[in-house]
Structures are given as C-alpha cells and as structure tokens.
Amino acid sequence: MTGSVSNSASIADGVLIGVDTGGTFTDVALLDPASGALWVSKTSSTPDDPSRGFAQGIADGLAVGGVEGASVGRVLHGTTVATNLILERKGPSVAILVTEGFKHILEIGRHDIPRKSNLFTWVKPVRPVPPQHIWEIPGRLSHEGDILEPLDEAVVRKAAREIAAEGISTVAIVLLHSYANPEHERRAAEIVRAEHPQALVSVSSDILPVFREYERCVTTLLNAYVMPAVSTYVERLEQRTKEAGIGAPLLLMKSSGGVTSTQSARRKPVETALSGPAAGAVGAAFVGAASGFRDILTNDIGGTSADIALILGSTPRLTTVSAIGGWRVGLPMVDIMTIGAGGGSIARVSRAGGLVVGPESAGAQPGPVCYGRGGTEPTTTDAHVALGHLPPYLLGGRFELDVEASRRAIETRIAQPLGLSIEAAARGMLDVLDNNMVGAMRVVSVERGIDPGELVLVPFGGAGPLHGASLARLMGCKTTLVPPAPGVLSALGLLVSNLRAEFARTCMQRAGHYDMAQLGAVFDELTHEAIAWLDNENVPPASRLLTKQASLRYKEQGFELDVLWSGQVDDAALAALLESFHATHQRIYGFSLPAMPIEIVTLRVDAVGMLPQVTLPEVPERGPASSAIIGKQRVAFAAGPSDVPIYDRNKLGCGACFDGPAIVTQLDATTLILPGQVAEVDKFGSIVVREKS
C-alpha cells in the first residue's frame, strides 16, 4: 500500500521506518520525507529470533520504497521481547536484596482477587523469585528518608558473594522507603557491583522511586528479569541495522506511548513491555485526530487478543496501576485492557452445554480451520468465513480460505451438539466474542464515567474492522472510524511517536499541611532529571516539552487520581489542582467530597522530545463508490441471506459513500458494514461508518 504524507522534517532527516513485531506478523511503515510517500508492508515474525523478522521487515520496507539504508534517518521499533519473557516466565534467575523483615514481600503480595476468578478456588500464582533467592539486609529509613538504622555493608557484601556463588547474575535492590532517600540502595548497588562484577543490577530508586513496596519490588525485579534478554536483543537490532547499511539512530517504543534510545531501554527495559499495544493507541489517536475525532475508544483485535484503550483529547490515557502477566507494574503505561479475544479464538461447547469462545487461540500454527494448516477446532475467523463476512481469500487473493472446512468444523463441534444450524452457531460464536469485548470496553469507558455515545470507535488490527460495526452498536457508539491501513496501524503509530520519559517521586503531603517549599524542591529535582535525560537524548531546546502532575486522594483513601499541575508551584496552582481533583473524582466515581481534606502523594514530571511529525495523506476523489465494486458475496445475516457487494478499498476515493451491507477488502484487513449503516470515505482515506437513522 502506498500513499502521500507531508512531514515537517527536512529532507536531511532521511527516511523514517517503523517496525512493529507481533506474534504472527512484523508490520512495517516507511516514510520518505523527500517525496512525501508512505509505504506499508507485512512480513512473517520469527519467534526464535525476533531480530531476523525485524531485519527482513526493514529489507522489505526499503525494497518497496526503493531506497538505500544510508538514506534512513530514523528507525523506530515496537517489540514483544520483554512481554513474552514475563508472560512465558523464560527469564533468568533473579536475586533480590530487601530490608530486614521483608523477605516475604512477594509471597504476601496483595489480597485482592483477579476480576473473573472464583473467591474460593483462586490460588496465588507462583512468585517470580522464590524466598531462598531473597536476601535480607539490616538498615532502616523512615518514610521521610531519615536514617533510623545504618546500612549493614558487611551483610550486603556477604549477600553479594553468596549470589555470585549461586550463579545468579541478575540482582534487584528494593529497600524500604528508598523513594524518600536512595542513599542505602545506591551504596548497596556499589558493593554488589564490586563483589560481583558480572551482575546486572536494578535499583528501585532508579526504576520506580514511589511508595507501595510490593509494586515497587515487582517493577524492579521485572526490570532485572528482562534486562539480559533485552540487552542482547538490542545489540542484535543494532547489528541488523548496520548490516542493512543504516547508520541512523534506533528508537524503541515504551509502554507509555513514547520512544526512547537503546541506551535508555537497556537501563529500564521493563518500560518496553507493552510497546506494541502502546504504538497502536498512539496510531489510533493520530488517525482519529486527523479526521476530527479527539475522544475515541480503540479496539486492536489480532489473532489471539484484543487490546482496548480510551483516548480523550487525542491523548492516550496513562495509568500506574497496570499489570503484565498478573504482576503489577507501577510505571506509567498507556491504559490498555487486554483480553483473550481474536481471530484465532477457539469455540467449544462446555460440559454444562454452554458455548464458550476463547481465551484459547489457534494462533498462527495451525491457525483457523479455513487456513488449511491442520487446524480442527473452529475459531471466530471460521465463523466469519462460514457466514460470508470474509471473501474466500486473504492478502488480496494470495491466500485462499477453505470455506467448506470451516463449515464442517462448526457443524461437527458446535452446531450439532447445540441443535443449531451452522449459521446460527457461527453467529452465536461471534456474539459471545463481541460481548466479551464489550465487557472490557465498558470497563475503560462506562466504569470511568465516560458515555460511549460520546466516543468514536476505532477498530484496527487484522480482525478489528470485521467486528467494528457490531461492537459500535452494542456499545452505543454513534460513529466508527476504520483507519486507512488498520492492519498495520501500530507501525504507523511508531512514526508519529515522540521521545518520552517520566520522572516520579513520592512526596507525601498530609491533608491541609502542604509544604510548598518541599513540593517545589521535589519538582525542581524531577525537572533537573528530565532535562538531563533530554540532554542525553540530544533533544534541542525548541523541541522540549515538560509537564507536571500530582497524584492525590481524599484523606484515608487507598488509591490516587493523577491531576495535571499547571503553572508554578504556588498557592494559586495548588488551589487549581485541588479543584481539578474534586472534578476528576466526580466524573469517574459519580461523587466528590469538597469538605474532605486532600492528600498529595506522588509528584511526576513528564519529558517529551518532539520529533518531526507526519500528517496523513489526503486521498483524491475517484468517482462513485460503485466503481470500486469487484464482486459479490452471499452473507447469512440474522434477518436472512443477502448478496453483498465487495469493494476494493484502494479504489475508494474521497467522498465515496455507500450503504450497508457491504464488505471492503484490502491487503491487511477486511471491513464489514452491516445493514442499516452507511459508510463514507473522508479526505484522509478513513472509512466513517454511522447508522442511517
């Protein structure tokens, strides 16, 4: 796929390449600022060594664009390496140094039960580090950072030698209240490095200097856990870019929706854990804003999972209470909810006689039955094929689908056991999956005080546009926006991302007793750290953006809300902050307590290095939509079968308008428009779908 894109960068900035590595495909977007041309392509991922798929993706992108590696000005990458290590528990052994008396901090954890788990049968998962690999260190700080008991350096030295003797070369240091005073942690790290030079050391006061010991411990140990593999992977990526003749900087996507240098990624690799989904959210925000929609609900549906996010004011929402593989990570991340729902989700009849869809997936191998790769269990893709939502091919006709195999699998395993027709069984499969996704979509919207009727749904990923129309109806979204290249939107998101880093520190201020001098001093320290990071990333002064935030709570609450701190650190800004907190609490929870004292808990400074930005191309008019019809497909709707036109998206120009039902095909995805809906192509090539009424 090709298109034209304008860019504020000069020609000297060179070609930009975004490479997003997924479990099945590696997506590539390439922009040439000199010509304004944009190309996208897909290549197979290589799970055994993701850097090979990365290299092949770059090679394919350069070939499609007809440019040399020396012309590349920037390479941006979204990776699943850290995510997979955490989910699959394939990282190295990690040792942890903790304050004496906190040996079982991981075993205790939190007392809450996962949302969908049974209160009486749920069992805590195995901890990532067993107690025998946790060393207790005498020494104590108060919550204000005062030294109550000096660090016992002899015990630290002994622990370091024992860790080395155990053959453990990855160490996390998490001492009590180090967010208020990092002195003990930093000295302990010096001793460990001296006694065990081969060790990779992660220190909590560097990774997450905020309170709540469990989250800080988990985040720091996960950083240590993925550090060896990510460091090796980054080295391979740098070698691959050199082999391609590219001397440009390589930037990695962070979970917070910004990119960072390989140097920063080596030091804090846990920040890359959700880089792929974060890039998708950034891409969706970008496409939505181009079409005039700033408040959107995204659903990125792939083969195995659906990633759902809320974006308000064209800015993906960040959270510090996210989890990866069941482990809480306190770093700022794009607020994405992931569920096991995708094109490969397997349907089955439970022992109780109910229809269950997912979270198990057929994956890429063997994949859905219609792929003809040995799959025998019907998936949601097979349901779409059986109902006629998909033409009997993918990838522009290069990949044929076995329609009869899908129908036989659904008939044998779903329809006959439930006493249904094949079509009714297939519709049931899709209804179950859609309602599973709606539950997650309501969590990030309705449960946060947001009316879905005021949001625009942006479905993307390989399977997203097939479900977008039905999900919009179920959610009550009045408008659906299907991006021009929905299957590779995450790669486009990489190209429009900025450099970003977050610097936070707990600075507990009791309700009604705010120490403005202390608040100002902490903000000054965080700002100094942010500027140092921007200096290290070579961001020119004119391209820098710093914002302040504070997390607040009512007295005796157990959670906080993040609120923007605008202006200087003075009484006027503080008053505005407190008023904004009341309003935010009212919006999210439906009430506020103006008479209740407010506590300030954590301060944060976000640093953004603005990179040259792109704008979507404006597609030309290409005549009436009917000229893009390339065939018809028999579709089995609930109201009865209908012959539905198939449109070639590449032939749809600006202003093309057509009624549903309709099927729109392109290389990377297929879009289904339902009866009673009308679709129109806007000037940027996005398809805007609304109800006729």
Side-chain angles (χ1 to χ4, degrees), residues 82-91 93-94 96 98 102-134 172 174 208 211-223 225-226 255 270 273-274 277 304-309 319-331 333 335-342 344-361 363 377 432-448 557-560 589:
T83 315
N84 293 340
L85 278 172
I86 295 170
L87 296 178
E88 299 171 10
R89 307 290 174 87
K90 292 183 177 179
S93 295
V94 178
I96 308 179
V98 299
F102 285 79
K103 185 181 186 72
H104 298 286
I105 184 172
L106 293 178
E107 298 296 325
I108 296 171
R110 292 292 174 193
H111 290 192
D112 54 340
I113 306 298
R115 189 180 183 92
K116 293 186 177 181
S117 298
N118 187 298
L119 174 64
F120 303 102
T121 60
W122 180 75
V123 177
K124 284 184 180 179
V126 176
R127 307 289 102 174
V129 177
Q132 60 267 31
H133 287 168
I134 300 179
V174 188
L208 187 67
F211 84 139
R212 292 197 172 98
E213 304 306 312
Y214 175 66
E215 284 78 6
R216 185 157 54 89
C217 184
V218 169
T219 305
T220 306
L221 79 87
L222 289 181
N223 190 76
Y225 189 71
V226 302
S255 304
V270 71
L274 294 179
T304 301
S305 63
D307 298 318
I308 298 157
T319 180
T320 56
V321 292
S322 188
I324 304 172
W327 303 111
R328 295 193 181 190
V329 177
L331 292 169
M333 296 184 173
D335 193 2
I336 295 172
M337 186 168 187
T338 300
I339 64 171
S345 294
I346 295 172
R348 65 185 187 282
V349 177
S350 69
R351 293 182 179 179
L355 177 59
V356 178
V357 183
E360 294 82 11
S361 174
E377 298 181 280
V432 169
L433 191 81
D434 283 347
N435 279 279
N436 287 344
M437 288 189 283
V438 164
M441 294 166 73
R442 288 179 63 84
V443 168
V444 304
S445 57
V446 177
E447 293 188 16
R448 292 172 184 166
Q557 274 187 320
F559 58 88
E560 300 83 45
Y589 298 109

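Take Phe120 and apply the ring pair (Phe, Tyr, Trp, His ring centres under 6.0 Å) test, not counting sequence neighbours, and it matches no residue. For Asp335, the salt bridge (charged side-chain N to carboxylate O under 4.0 Å, His left out) criterion is met by Arg317, Arg448, not counting sequence neighbours. Qualifying side-chain hydrogen bond (donor to acceptor under 3.5 Å, both in side chains) partners for Asn84, counting only residues two or more places apart in sequence or in other chains: Thr80.
The residues Arg216 and Glu213 are annotated as salt-bridged, a charged nitrogen and a carboxylate oxygen being separated by less than 4.0 angstrom. For the pair Glu107 and Lys124, the salt-bridge criterion is not met [side-chain N within less than 4.0 Å of a carboxylate O].
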**OP:** Evaluate the criterion side-chain contact (heavy atoms from CB on, under 4.5 Å) for residue pair Met333 and Ile324; output intermediate values, then yes/no.
**Re:** CA-CA 11 Å; Met333 296 184 173; Ile324 304 172; 3.6 Å; yes

**OP:** Mind running side-chain contact (heavy atoms from CB on, under 4.5 Å) on Val226 and Ile86 for me, showing each step along the way?
**Re:** CA-CA 8 Å; Val226 302; Ile86 295 170; 3.8 Å; yes

**OP:** Mind running side-chain contact (heavy atoms from CB on, under 4.5 Å) on Thr219 and Leu331 for me, showing each step along the way?
**Re:** CA-CA 8 Å; Thr219 305; Leu331 292 169; 3.8 Å; yes

Original post:
Can you list the steps and then say if Ile108 with His111 is a side-chain contact (heavy atoms from CB on, under 4.5 Å)?
Top reply: CA-CA 8 Å; Ile108 296 171; His111 290 192; 4.1 Å; yes

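Two residues are said to be in side-chain contact when any heavy atoms from C-beta on lie closer than 4.5 Å; Leu106 and Val218 meet this criterion. Contact annotation: the side chain of Leu221 approaches that of Pro128 to within less than 4.5 Å [non-hydrogen atoms, C-beta and beyond].
Listed for the Arg348 side chain is no donor-acceptor partner under 3.5 Å among the backbone atoms of Ile346. Between the side chain of Tyr225 and the main chain of Lys90, a donor-acceptor pair closer than 3.5 Å is present. When atom types are taken as modelled, the side chain of Asp307 and the backbone of Pro277 share no donor-acceptor pair closer than 3.5 angstrom. Remark: the backbone N or O of Ala323 is not paired with any side-chain donor or acceptor of Arg328 at under 3.5 angstrom. Panel note: side chain Tyr214, backbone Gly109; no donor-acceptor pair is recorded below 3.5 Å. Remark: the backbone N or O of Thr319 is not paired with any side-chain donor or acceptor of Ser322 at under 3.5 angstrom.
Atom-to-atom distance recorded for Glu377:CD and Ser345:OG is 12.0 Å, nearest 0.5 angstrom. Here the CZ-CD1 distance, from Arg127 to Ile134, works out to 10.5 Å after rounding to the nearest 0.5 Å. To the nearest 0.5 Å, the span separating CG on Leu208 from CG on Leu222 amounts to 11.5 Å. Rounding to the nearest 0.5 Å gives a distance of 12.5 Å between OG of Ser305 and CE of Met337.
Closest non-hydrogen pair, Ile96 versus Cys217, comes out as CD1-SG, 4.3 Å. Smallest separation of non-hydrogen atoms from Lys103 and Pro131: NZ-O, 3.0 Å. Among all heavy-atom pairs drawn from Gly558 and Arg212, the shortest one is O-NH2, 2.8 Å.
Under the 6.0 Å cut-off for aromatic ring centres, Tyr589 and Phe559 qualify, their centroids lying closer than that.
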